[in-house]
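Here is the structure we will look at, set down as structure tokens.
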Amino acid sequence: MKRREFVKRSCAAASVLSMLPIMQSCMDNMNMSMGSNAVTVKEGLFSSALSFPSVITSNFSMNAKGNAAGLLNNQTTRVLGYSGGILGPTLKVDRGATIPITFQNNLSEETNIHWHGLLIPADVDGHPKNIVQSGSSFNFNLPINQRAGTYWYHPHPHGKTARQVFMGLAGFFIVNDSEEQALNLPSGDQELLLVIQDKRIENGQLNYSPSMNEIMTGYTGEYILVNGTYAPFHNVATRQYRIRILNGSTARVYNIALNDNQTFYVIGADGGLLSQPAGVNSLLLGPGERVDILVDFKSYAVGKEVYLMSKTFSGGVQGQQDFKIMKFVVNRQETDTFTKPSQLSVIQPIAPGSSSKTRTMKIKGMMEGMNGNMGGNMGSGMHTINDKVYDLDRIDETVIAGDTEIWEFDNSDGDEIHPMHIHGVQFQVLSRTGGRGSLVASEMGWKDTILVMSREKVKIIMTFPQEKGVFVFHCHNLEHEDDGMMLNYKIV
């Protein structure tokens, strides 16, 4: 169903049901262009120095709380974080370790922590049912039995995830191992961790108040922050840099590029290193996805300014604007002896023939395909997977521990963007049909989140862990997730 047709039907249903708030939203939306892009980004002066969250390697302790931060023009606004200011510390751990983490909830509401991408038991994964009440604490014990990679953490209380992430609750979780260390990739000052987020700021204050239309398409902001800093710059030398990027936005998709169209090399995805570096000029990155890239500043003269930006793209209501994200300033000449490896890792493909089952997950936005019937889920969620909205206590899919399965996310009838994330497992991407019609460089490695654009079907394959329990899978457009685009699956 097209959005304008949806709005017309929603308005009709709202009138019948005397749902006045929805009716007002419908009237507002009828005056909007349903094909409009996301909120227009306002580029800053790129005069604030990029900052980096603190790094913790031991004595792990997390404290979710309200803070104050100057995000725009030094005007103080209320934010959330796991330490001072916005965001949380970067946790760095080694493969094979077991990490105890004490978590204290000093918010005025319930929350929890989901360890996005980690292959850990269900009872510490951050399922929406495992919440921590205000003023309470929880002790995590995380066994790190997976390859090196760029993972992250954020809250996962159902119905509150988007707002809590938007307000600042997120951070990096970096796993190291001997395979990656042997490559001697750029490190120290030559390794940059960037979390990119868009924020809506009104009268100097963070504002999270999505309209009905913004629940439909996702809530976007006009100010792009990197590590909590608006329009930052960072000084670099004439060397190669390893840059790990997390799309920490609730809904905005970025088409990552350099303003001079220089080639950069993708070396890692959600679940760690690729087999070989892949040279690209741009790369789509959906909410929840991570990419690990090499950028070469050796050819630039001292004084050159290079921008990390987002290019336009097609396939949804976003992507109609080029905008700069941050500025790199080449401010010194240095000798660089690093040589990009031709081989990074060995990724053994999972054979499709080893799959015991294929499941289709039909993803729908705002009741697409309802044939004019406004019954069913209206009021309890309008984004669905297989015509279901989330029920905390219902098991929607049951899988056998150790089994290999193929799942197909089917957005072939949809005109919304859905980054689909599965808890508790890493997967490989088999194919994309419709829409873009092919895989991108970062999809040649292990993934836990896959960007499904409008009119696309994406097939993935995965082997479930032996550990049993209940996990969720959902759209990582967090407005869609909170609206019900999430299901439970159980490993038995």
Side-chain angles (χ1 to χ4, degrees), residues 50 52 90 117 147-152 172-176 179-181 183-197 224 226-227 232-249 253-300 306-311 313 324-330 336 338-345 347 429 439-451:
L50 178 68
F52 297 92
T90 295
R147 66 204 306 259
T150 306
Y151 308 103
W152 67 299
F172 280 106
F173 194 107
I174 304 299
V175 176
N176 303 310
E179 178 190 45
E180 185 180 280
Q181 290 169 350
L183 295 172
N184 293 315
L185 296 170
S187 60
D189 291 341
Q190 279 70 57
E191 181 182 15
L192 309 179
L193 273 66
L194 310 179
V195 53
I196 302 173
Q197 298 174 305
I224 307 298
V226 182
N227 296 349
F233 76 90
H234 185 69
N235 292 327
V236 296
T238 53
R239 304 180 67 164
Q240 294 185 69
Y241 280 71
R242 179 184 189 181
I243 304 178
R244 306 191 199 215
I245 301 175
L246 158 66
N247 181 347
S249 294
V253 176
Y254 301 95
N255 191 16
I256 298 297
L258 298 172
N259 68 300
D260 61 357
N261 209 38
Q262 181 196 153
T263 297
F264 56 91
Y265 288 87
V266 181
I267 61 171
D270 298 343
L273 294 172
L274 306 185
S275 295
Q276 296 92 23
V280 299
N281 300 110
S282 65
L283 186 74
L284 279 179
L285 196 66
E289 289 188 299
R290 290 86 67 207
V291 67
D292 195 345
I293 65 176
L294 293 175
V295 177
D296 192 346
F297 294 100
K298 288 189 296 185
S299 64
Y300 294 114
V306 182
Y307 288 90
L308 182 70
M309 63 176 297
S310 180
K311 288 187 173 182
F313 59 90
K324 298 181 180 72
I325 295 171
M326 67 167 290
K327 179 172 70 175
F328 298 105
V329 180
V330 182
D336 187 4
F338 172 74
T339 301
K340 179 175 77 271
S342 58
Q343 182 74 27
L344 297 166
S345 183
I347 297 177
V429 188
L439 305 186
V440 302
S442 58
E443 293 167 350
M444 303 303 176
W446 290 100
K447 295 279 292 173
D448 53 56
T449 307
I450 185 69
L451 185 59

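FYI, the numbering just counts along the sequence from 1.
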4.5 Å side-chain heavy-atom contact, [X] and [Y]:
X: I196; Y: M326; result: no
X: L273; Y: L183; result: yes
X: F264; Y: I243; result: no
X: V236; Y: V295; result: no

Side-chain donor/acceptor pairs under 3.5 Å, residues 276-287, sequence neighbours excluded:
from	atom 1	to	atom 2	distance (Å)
Q276	NE2	Q343	OE1	3.0
N281	ND2	N261	O	2.9
N281	ND2	T263	OG1	3.2

Give a yes or no answer on whether the side chain of [X] reaches the backbone of [Y] with a donor-acceptor pair at less than 3.5 Å.
X: Q197; Y: G248; result: yes
X: Q240; Y: F338; result: yes
X: N247; Y: G288; result: no
X: S345; Y: L274; result: no

- Task: Identify the heavy atoms of G445 and I347 that sit nearest to each other, and give their distance.
- Result: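 Minimum heavy-atom separation between G445 and I347: CA-CD1, 3.8 Å.
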- Query: Where do F328 and L192 come nearest, in terms of heavy atoms and distance?
  - Reply: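 Minimum heavy-atom separation between F328 and L192: CE2-CD1, 3.9 Å.
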Apply side chain to side chain contact (heavy atoms under 4.5 Å, CB included) to [X] and list each qualifying residue two or more places apart in sequence or on a separate chain.
X: M444; answer: L439
X: T90; answer: P53, V55, K92, F172, I174, L193
X: N259; answer: V306, Y307, M309

- Item | Pairs satisfying salt bridge (charged side-chain N to carboxylate O under 4.0 Å, His left out), at least one member in residues 255-280, at least two apart |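 For residues 255-280: D270-R290, D270-K447.
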- Query: Excluding sequence neighbours, so at least two apart, what forms salt bridge (charged side-chain N to carboxylate O under 4.0 Å, His left out) with K324?
  - Reply: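 E43.
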